[in-house]
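Below, read A as the first sequence line, B as the second, and so on, with proteins coming before strands; counting in each chain starts at 1. Just the heavy atoms: all of them, side chains too, but no hydrogens, waters or symmetry mates, feed the values below. Predicted model, so just to flag it, every value in this text is computed and none were measured.
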Amino acid sequence: MSIRLPLYRMLNAPLGGGSESEVTYVFRSGDGIDPGATLVSVDQYALGKDSDWNPAEHPLVIQCLIERAPLLEAIFGPQGVVSTDAEILLALEWASADSCWRTLGPVHGLRHEAEDEDVVLDIELEPATVRGSGLLSVQAFLGQFAAEFVPGFAHQPGARLGLLAQPIEIVIDGDGSLFPVLEESLGAEGPLWELKACWSDPQDEPFSSDYVALVLNNAHPHFEQLRDRRALNIEQSPLMRQVFAAWLALVIAQVKEDMGAQFDTYLGAPDADEGIASIADAVRSFIRLGDLRTGSLPELFISTQCWLDFRVRELENAT
Amino acid sequence: MKYYSLQLQPMQESGAFLLRALQNEETPLLDLLVRESVQNALDAGRNGNQALPVSVDFHIREHSLDAIASTFREGLDVQILGKRYPRTPKLLEIRDSGTEGLTGPMTFDSVDANGQHGNFLKLVFEIGRTRADDSAGGSWGLGKTCYFRMGAGLVIYYSRIKTADGYEERLMASLVEDENRVDRLLLTTQTGIAWWGANDSLRAITAPEHIHEVLKALGAQPFTGKATGTAIIIPLLKENLLPVFDEEGGPAPWWYSSYEDYVNVAVQRWFSARLDNPFFASGRYLSASVNGKEIASADMLPIFRVSQCLYDRAVGEAPEEEDYLTARGIKSNDVLCRAIQLRGEFVGSGQTGWLLAAAITPRQLQMDAPDNAPSPETCIFSKIDSGAPHRPIVTFMRSPGMNICWDDSVDSRGWAGGFTGFSDGRYVVALFLPDSEQELLPSEARGLRSTIQSLEGYLRSCERADHATWVDINGGRVVEKIRAQCGRALKEFGVPPQPSVTVKPLMRMSRKLAELVLPSRGFGGDGRFGKAAPRATIGQGSGGHTVISPELEIMEIRYVASVIAMKWCLRWGMVQPSMPREITVSVDSEAGPITFDTWVESGLGVFPFQLESPRVSSATPSVKSMEVANGTGVRLTVGTASVQPGLMLEGELYVRIIESGGKLLRPVIGVRILDTKGAAE
């Protein structure tokens, strides 16, 4: 084993530990889309809550606000890393092994005697460049240094001076459930929706839009009526609920037909605990959660509608 | 030959039962016979010279009724025989050479306790005895019953085997017929089963003169010289062994004109991968002939040449640039080569097998003049070409190289995944070759063995007596998954998915609907709830506080002019606890730390760091620290009595930066174990 000794004093995340306001983060995207960031645990943000943000399509802009007073103290104070006549450079650094790249945002120069304003740093990550999770940190570098060599202080411009705060982890991909809904132009004369079913083995293929999807026709005159932006927490219009119920019943019926005699055995089996949940797993989950009656198609349609209405009421009451 | 009738006993099979035992009424009898006899020959040839082929020769010829009447006069109703065969009957002789022959004991009395029954007993006397070895072609011991269905039920077994003293010839005959038939051949029988053999007991005759006399009467040749092998002679062949061809759509193909031609094509149909193919990978290749005319690979029907070529490409030994597909101008994008991989079924990683497929035009299949080759559907299924689109045809095999079946289902769960064929008239032929060595995870719950089983063994257990299909054992899903994956690949091969630029996911709706009807986690890869919930891991973590190797930790650093002062903590570790530890300094670099020795050897000048003023602050008795001569190490020794698990030392040390250049270099501090002579371990 070996340990690299730092040649000069370095920062070891002096900010943020005691006061949340010392360092704060704001997440934005293009086209007015809110990435839906939520703090899920200490220093871990998840994206996508109540959001249309899609890492494949939309950029991710992160802004970091740092309170000036504790910042100056940490850098230029008695425990600091440079003398008061030096300049340091601050930047946000994104590093993600899952995404296979790292980068620095624009640099902010900071001097001890500068005007009394908080520091704002930002970084923009392009669409389709982030996946899995990544770490975002506030990095300090030496800009201009004191003329005289001081033992323990860096004296090479650009030398890394360490982290100002604990890095935050940004989670882009996890195991959060997603319902496969696609938007496609099927023409004004086309159907409002259709079932995309291109699985060959529902027990083996994942419940994802590559194999199964509810396709909504955005060229259809009634497309806009599928969403109800007034119902803030639910957002589906009554029409959408009917579409959704019909789609669910159709998928369940088709999987049942595909699996034949295995279907009933599969329903009775315990949930799989490994790998990505399959289409058959999703169908089993619908049937269990909704107590759906699969004996006949009419019964299935009725029980599916009733279940959806019940769930909507539940969610409405919860808000 | 002496007649022995099988007496009726409890649990005794009857002739009528045996004639139906294979439970395959749909496959033409000659196809069944070719599959069974060649497979038996290949099994018997497994231990022979691997460089030579296993030879199987089919002979079809007329024989005199008198030869049968005289040889088997004891026990046979000669009058009925004459009535049932008013015309000169034909016999079929299947002769394999270069094989071990019908070895082993000839009577059950001579089998040792737990001893091997051998080929003779298995073929001549045993029905339904399963084989234990996974790589054998046969498994149920019922295939041989198809011999009795070819004619009157009379089968003569002749073999020459190598013995410790030289060679031995054996000849035996059996007859299995429906005991309820009014015109049965056996004079007196309760079971419809009988044998002819030696005079003294129910065993083969071994006297060469006697054997040669019988063979001569039937027009067969004895094995001579160093030849060993087996000849199955089936006299009194039925006259209706050729399957009926529906001629409404056109005339029957040429191989419907004689048994010889039909057998020729049947060998190609079922053993296309192994026939005259030196590139066959899992055993000796097959050399077959019919009435002395060898079936050469180059003379096979085009569809079977394609099939052999797909096999060769799956194995990857034959040069592609010279193979039949290349010769026929089939481009690489008309050939699919896909590794089939199953999740969660195997002990290790790697593919389950290979799926090879080719899309071929009728012209490439030599169906135009002047060749006018029959269509694949005619060659394989004996039916008139249905016109475009032609259903994809898929075959699959285990290591013995016999096509289990040819499947042209267009069911969405079938081997072709519901692909119905190209509308431009191209044919699709595919072959799945499993990786026999793959080991299945044991799981009794899924119908598998409780111990590790090879894929080959599992697939063999999925075959019925006629080896004509793979059906998963109850609870197992290996075959189903293989079929589904092949189906998906073939469907994509036939109908490549068109990426649509107009399709986009509705993320907010996807998330909202999931919250409505799905558990929050597990059905997708969205990150809105944070990272994926950790799964239970198998095995043990590193756990525990006792370190194995020595570990060094730097507790505090101070910077003084040209010196880095550090407080350190050393966990001694349990590896060679009595040996000294050394704290070292080296120089960081892109290629890793540069030690003192490497630095000097590389001519880099004065080593830039030196360790100074070591001090151990721990209260552990008998600890000694000593600077190494060149200043790049501090040796620590502890008295044996003080070395306890969890021993931890603390102290201080200076790293002096020797020259100004050293201020840009970065020291690396490490720890290592020294041996008794002071060298690093």
Side-chain angles (χ1 to χ4, degrees), chain A residues 1-9 36 38 40-41 44 46-54 57 133 151-152 156 171-185 200-201 203-204 207-209 216 234-236 244 248 258 274-275 277 281-282 285-286 289-290 308 311-312 315, chain B residues 343-344 412-413 417-418 477 480-481 484 487-488 491 500 502-533 535 549 551-552 554 557 559-562 564 566 586 588 593 655 663-664 666-671:
Chain A
M1 66 165 297
S2 54
I3 305 157
R4 285 168 181 78
L5 288 187
L7 285 168
Y8 45 77
R9 283 156 70 164
T38 45
V40 288
S41 65
Q44 190 188 84
L47 303 177
K49 174 80 175 159
D50 297 338
S51 168
D52 247 337
W53 185 77
N54 178 357
E57 264 188 274
S133 66
Q156 290 289 318
V171 180
I172 296 111
D173 302 311
D175 62 353
S177 297
L178 274 180
F179 207 89
V181 190
L182 299 176
E183 177 183 337
E184 186 177 1
S185 173
S200 50
D201 180 358
Q203 291 180 67
D204 200 39
F207 187 65
S208 74
S209 58
L216 301 176
I234 313 297
E235 299 189 6
Q236 301 93 29
F244 191 42
L248 277 177
D258 265 23
E274 56 183 38
D281 290 336
S285 174
F286 300 146
L289 288 175
L308 279 189
R311 280 292 295 146
V312 169
L315 287 179
Chain B
R343 288 191 301 164
S412 64
R413 297 176 66 78
R477 294 191 60 227
E480 187 189 330
K481 285 184 176 182
R488 198 178 311 152
K491 192 167 184 188
S500 170
T502 60
V503 180
K504 60 176 186 176
L506 278 166
M507 293 305 289
R508 191 183 179 97
M509 186 81 87
S510 297
R511 289 170 177 139
K512 282 290 171 191
L513 291 183
E515 281 160 26
L516 201 59
V517 296
L518 283 169
S520 58
R521 287 175 183 269
F523 289 88
D526 194 36
R528 68 188 184 282
F529 299 113
K531 295 188 102 168
R535 300 186 186 285
S549 300
E551 284 181 6
L552 187 72
I554 307 300
I557 290 176
Y559 297 90
V560 193
S562 297
I564 300 172
M566 61 180 191
S586 44
D588 196 17
V655 181
K663 286 175 182 158
L664 293 177
R666 193 168 182 182
V668 178
I669 303 297
V671 63

Proximal component of B:Ile564, with respect to chain A [non-hydrogen, under 4.5 Å]:
side chain

What residues form a salt bridge (charged side-chain N to carboxylate O under 4.0 Å, His left out) with B:Arg521, not counting sequence neighbours?
A:Asp175

Among B:Ala484, B:Pro593, B:Ser586, B:Ser520, the residue with the most heavy-atom pairs under 4.5 Å to chain A is B:Ser520

Which region of A:Ser208, side chain (C-beta onward) or backbone (N, CA, C, O), has a non-hydrogen atom less than 4.5 Å from a non-hydrogen atom of chain B, or is it both or neither?
neither

A side-chain contact here means heavy atoms from C-beta on lying under 4.5 Å apart; do A:Ser2 and B:Asp588 qualify?
no

Of all heavy-atom pairs between A:Val171 and A:Ser133, which one has the smallest distance, and what is that distance?
CA-CB, 4.0 Å

Considering the options B:Lys512, B:Arg508, B:Arg528, which one meets the side chain to side chain donor-acceptor pair (under 3.5 Å) requirement together with A:Asp50?
B:Lys512

Between A:Thr38, A:Asp173, A:Val40, which residue shows the highest count of heavy-atom pairs closer than 4.5 Å to chain B?
A:Asp173

Side chain, backbone, both or neither: which part of B:Val517 has a non-hydrogen atom closer than 4.5 Å to chain A?
both

Per-residue contact mode, A:Leu5 against chain B (heavy atom under 4.5 angstrom):
both

From the list A:Arg9, A:Glu57, A:Lys49, the residue making the most non-hydrogen contacts under 4.5 Å with chain B is A:Arg9

Who passes salt bridge (charged side-chain N to carboxylate O under 4.0 Å, His left out) against B:Arg511, sequence neighbours left out?
B:Asp526

Proximity breakdown for B:Leu513 and chain A, heavy-atom pairs closer than 4.5 Å:
both

A:Gln44 portion near chain B, given a 4.5 angstrom heavy-atom threshold:
side chain

Return the minimal non-hydrogen interatomic distance between A:Ser177 and B:Pro519, and the atom names on each side.
OG-O, 2.5 Å

What closest approach, in Å, do B:Phe523 and A:Ser285 show between heavy atoms, and which atom pair accounts for it?
CZ-CB, 3.9 Å

